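Input: a single structure, listed below in structure tokens.
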Number of protein chains: 2
Amino acid sequence: MVSVSVKDVANLAGVSVGTVSNVLNHPARVAPATVDRVSSAIAKLGFVRNAAASQLRAGLSRSVGLVVLDSANPFFAELARGAEDYAATQGVSVLVGNSGESSAREETYLDLFEEQRVRGILLSPVGDITPRLERLRSRGIATVLVDRHTHNTAFSSVAVDDIAGGKLAAEHLIQLGRKRIAFVGGPLHIRQVSDRLEGARTALRAAGLPDPEILEVPSMSLPAGRDMGQKLAARDPRELPDAVFTANDMLGLGVMQGLLVNTRLRVPEDIALIGYDDIAFAESALVPMSSIRQHAADLGRQAMELLLEESAAADGYTHRQVVTLPSLVVRASTQGR
Amino acid sequence: MVSVSVKDVANLAGVSVGTVSNVLNHPARVAPATVDRVSSAIAKLGFVRNAAASQLRAGLSRSVGLVVLDSANPFFAELARGAEDYAATQGVSVLVGNSGESSAREETYLDLFEEQRVRGILLSPVGDITPRLERLRSRGIATVLVDRHTHNTAFSSVAVDDIAGGKLAAEHLIQLGRKRIAFVGGPLHIRQVSDRLEGARTALRAAGLPDPEILEVPSMSLPAGRDMGQKLAARDPRELPDAVFTANDMLGLGVMQGLLVNTRLRVPEDIALIGYDDIAFAESALVPMSSIRQHAADLGRQAMELLLEESAAADGYTHRQVVTLPSLVVRASTQGR
DNA sequence: AACACAAAATGAATCGTTTCAATCTAAGTG
DNA sequence: CACTTAGATTGAAACGATTCATTTTGTGTT
């Protein structure tokens with residue numbers, strides 16, 4: 001368990017420790033020949049900088065924290081990738097924590113990141129923790145919120161515009177000539193669900209069409225969607241909507257199963273179907289399913305940009321709330337009649 | 001950006017810095033009344049230990065690194081959760097890095113962890129990097145390998161026994177009375193694929209049945225499975241297998257689609273179907289699909305146990321290769337005829 | 001009241017790096 | 001050749017916690 005320090009490197013290279021440090025951190029200040037000599041000493045000894053000592057003296061860490069609500073969720077996985085990729089270009093590494101929607105775990109990670117004196121934190125918060133964020137700020141740790149539209153302009157945030165997404169989906173269905181559109185989602189008090197519904201409603205009204213029929217489901221899962229699909233399939237055909245917009249893809253895939261299996265209904269001929277999120281399975285469904293894509297990687301990149309910008313800025317930084325627009329992905333489930 | 005140090009806490013509590021440190025790290029050595037006084041000073045000042053300083057002096061970090069091949073893959077997500085949960089009980093935090101199968105990114109994370117002087121590293125390696133592991137060890141950083149059966153007894157490892165999994169699947173099919181079993185998977189040079197096939201073959205031979213028909217596919221994806229399913233459905237019924245075992249669930253779901261959509265075939269009546277991995281969608285498939293579950297969280301927990309044990313042990317630690325057995329999950333796709 | 005002994009508290013030294021004022025070197029100028 | 005100046009290098013101080021040999025305090029015994 002040998003430990004090689006800058007001192008050892010300095011000895012071997014025949015320079016002072018200050019020079020070694022400069023080679024590591026400000027190579028331009030050092031004569032090229034010296035850089036070479038020090039570099040090869042580093043290589044020969046297998047020197048690896050001790051991050052703890054470096055950070056202690058320099059005061060600033062090379063890492064930022066990221067706390068996600070659910071690391072298994074592809075949305076967050078993609079977001080993390082986007083954030084990491086951008087951070088990497090800035091020589092910053094990302095420590096990822098998974099709160100799993102638990103406030104306690106969220107707290108634990110924030111504590112950890114605070115001890116580590118990270119440069120900043122990207123957070124998809126479990127609940128409202130403004131006090132905690134203010135404490136972090138008073139310690140010089142910037143925080144950018146992800147995936148929640150905060151009207152709190154005291155913090156920067158990034159979010160996807162769910163209302164616009166709902167509008168996009170409904171407009172697409174309207175353009176196909178569909179007139180009786182149903183919305184499947186729930187519970188309705190969840191912000192994402194109600195926003196997506198609101199967007200759809202707005203689009204329908206703008207087109208002079210009646211409000212969507214709201215089919216509330218107990219959860220955003222495939223079985224819940226399948227149950228609703230089967231209920232629809234059992235209806236008198238004259239009572240059927242001619243298009244269904246589901247609040248996420250799991251529901252959409254479920255509805256598709258319910259509509260198609262052991263019935264005479266066809267998608268999209270009888271009912272057009274569009275989901276939300278564009279998960280990998282949407283493309284491989286029985287009938288490839290149209291969806292709304294959120295560009296999570298972009299979101300992650302933008303969030304990281306804001307974070308690094310803020311952490312480098314002086315006091316009095318003007319915080320920004322970035323809202324990104326989702327886009328429409330058209331597949332067979334909404335094509336042709 | 002105020003910074004509170006042990007010194008400030010010591011002043012307020014009217015004790016020395018050494019005592020504050022003892023309250024933080026060895027409370028039993030300090031009189032209860034003093035612990036209280038120091039604790040309330042900590043609370044009042046909002047003191048948070050500087051991890052860099054602590055680690056620099058104490059020499060050992062409270063974190064371990066985890067590098068996974070693909071953080072979006074549910075197997076690794078679950079594994080990470082298991083590892084983190086156990087680590088948390090030991091007061092250790094986990095830094096997760098995603099190599100995305102890229103050697104370069106893997107290297108970057110190992111460098112980072114080495115700088116951080118983590119206690120140990122849990123690694124699902126991209127390629128063979130024994131030299132790198134030996135360098136880490138010479139620095140006192142233990143490494144446990146995940147998800148690859150190393151015959152290299154110089155390192156501890158955990159892995160799932162894919163041969164046993166294949167055997168489990170085939171034995172289940174045999175017990176159902178199926179006699180003509182096909183295997184769908186590929187490319188065959190992938191270890192997981194060939195192991196699962198080998199397990200199936202072993203079970204068939206033991207039962208006195210012919211070797212499985214091998215249906216090689218170009219990738220382990222749903223569309224590849226669907227193509228194969230459609231090819232099967234187009235066969236003369238007398239040429240059909242009476243059971244199909246796929247090397248993973250994506251293929252299984254695809255085969256199911258290909259077999260069922262626009263054909264007269266039924267699952268399981270005509271063809272029983274079993275997948276591998278037990279992903280969330282297996283349960284929600286058209287016909288809920290039987291599968292082999294790998295217990296990734298357990299695997300993660302065991303790997304972390306090994307890692308912490310080794311990192312706490314003296315030199316000459318005896319490394320262990322743990323192989324866990326997967327289990328059978330029976331659903332509708334293999335029940336009834 | 002003197003002594004012994006354990007428990008509690010002290011504080012200077014230390015970890016390995018970065019910083020920065022001071023020093024040295026070499027090339028350029030009049 | 002003396003002098004200036006920019007560039008290169010030096011090395012001691014500092015970051016904030018932990019450690020541990022030493023001192024202080026407190027309790028019980030004779």
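Proteins get letters first, then strands, A, B, ... in listed order; numbering begins at 1 in each. Treat the numbers as computed from the prediction; the structure is a model and nothing was measured.
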Any side-chain N or O of [X] below 4.0 angstrom from OP1/OP2 of [N]?
{"X": "B:Thr34", "N": "C:dA9", "answer": "yes"}
{"X": "B:Thr19", "N": "C:dT10", "answer": "yes"}
{"X": "B:His26", "N": "D:dT18", "answer": "no"}
{"X": "B:Asn25", "N": "D:dT18", "answer": "yes"}
{"X": "A:Ser21", "N": "C:dT18", "answer": "yes"}

I want to verify a distance call: between [options], whose nearest atom is closest to the [X] side chain?
{"X": "A:Asn50", "options": "C:dG16, D:dA17, D:dC20", "value": "C:dG16"}
{"X": "A:Ser3", "options": "C:dT18, C:dG16, D:dA17", "value": "C:dG16"}
{"X": "B:Ser16", "options": "D:dT10, C:dG11, D:dA17", "value": "C:dG11"}
{"X": "B:Val15", "options": "C:dT17, D:dA17, C:dT10", "value": "C:dT10"}

Between [N] ([atom2]) and [X] ([atom1]): distance, integer Å:
{"X": "A:Asp36", "N": "D:dA8", "atom1": "CG", "atom2": "C1'", "answer": "15 Å"}
{"X": "B:Gln55", "N": "C:dT17", "atom1": "CD", "atom2": "C1'", "answer": "13 Å"}
{"X": "B:Arg117", "N": "C:dG16", "atom1": "CZ", "atom2": "C1'", "answer": "9 Å"}
{"X": "B:Glu115", "N": "C:dG16", "atom1": "CD", "atom2": "C1'", "answer": "13 Å"}

Item to check | Closest-nucleotide ordering on DNA chain C, the 5'-leading residue of B:Ala28 and B:Ala58 | outcome: B:Ala28

Checklist entry - Where each residue is assigned the nucleotide of DNA chain C containing its nearest heavy atom, which of A:Arg29 and B:Ala31 is assigned the position nearer the 5′ end? => result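 Whichever sits nearer the 5' end wins; that is B:Ala31.
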
Spell out, as yes or no, whether a donor-acceptor pair under 3.5 Å connects the side chain of [X] to the backbone of [Y].
{"X": "A:Gln55", "Y": "B:Ala51", "result": "no"}
{"X": "B:Ser311", "Y": "B:Ala142", "result": "no"}
{"X": "A:Asp85", "Y": "A:Gly82", "result": "no"}
{"X": "B:Gln321", "Y": "B:Phe155", "result": "yes"}

Checklist entry - At under 4.0 Å between heavy atoms, what does A:Val20 touch on the DNA or RNA strands: base, sugar-phosphate, or nothing? => result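 No contact.
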
Checklist entry - Looking at C:dT14, does its base get a donor-acceptor pair with the side chain of B:Arg57 below 3.5 Å? => result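 Yes, the side chain and the base share a sub-3.5 Å donor-acceptor pair.
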
Checklist entry - Under the criterion side-chain contact (heavy atoms from CB on, under 4.5 Å), which of A:Ile42, A:Val9, A:Thr19, A:Val38 is the partner of A:Leu24? => result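 The single option meeting the side-chain contact (heavy atoms from CB on, under 4.5 Å) with A:Leu24 is A:Ile42.
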
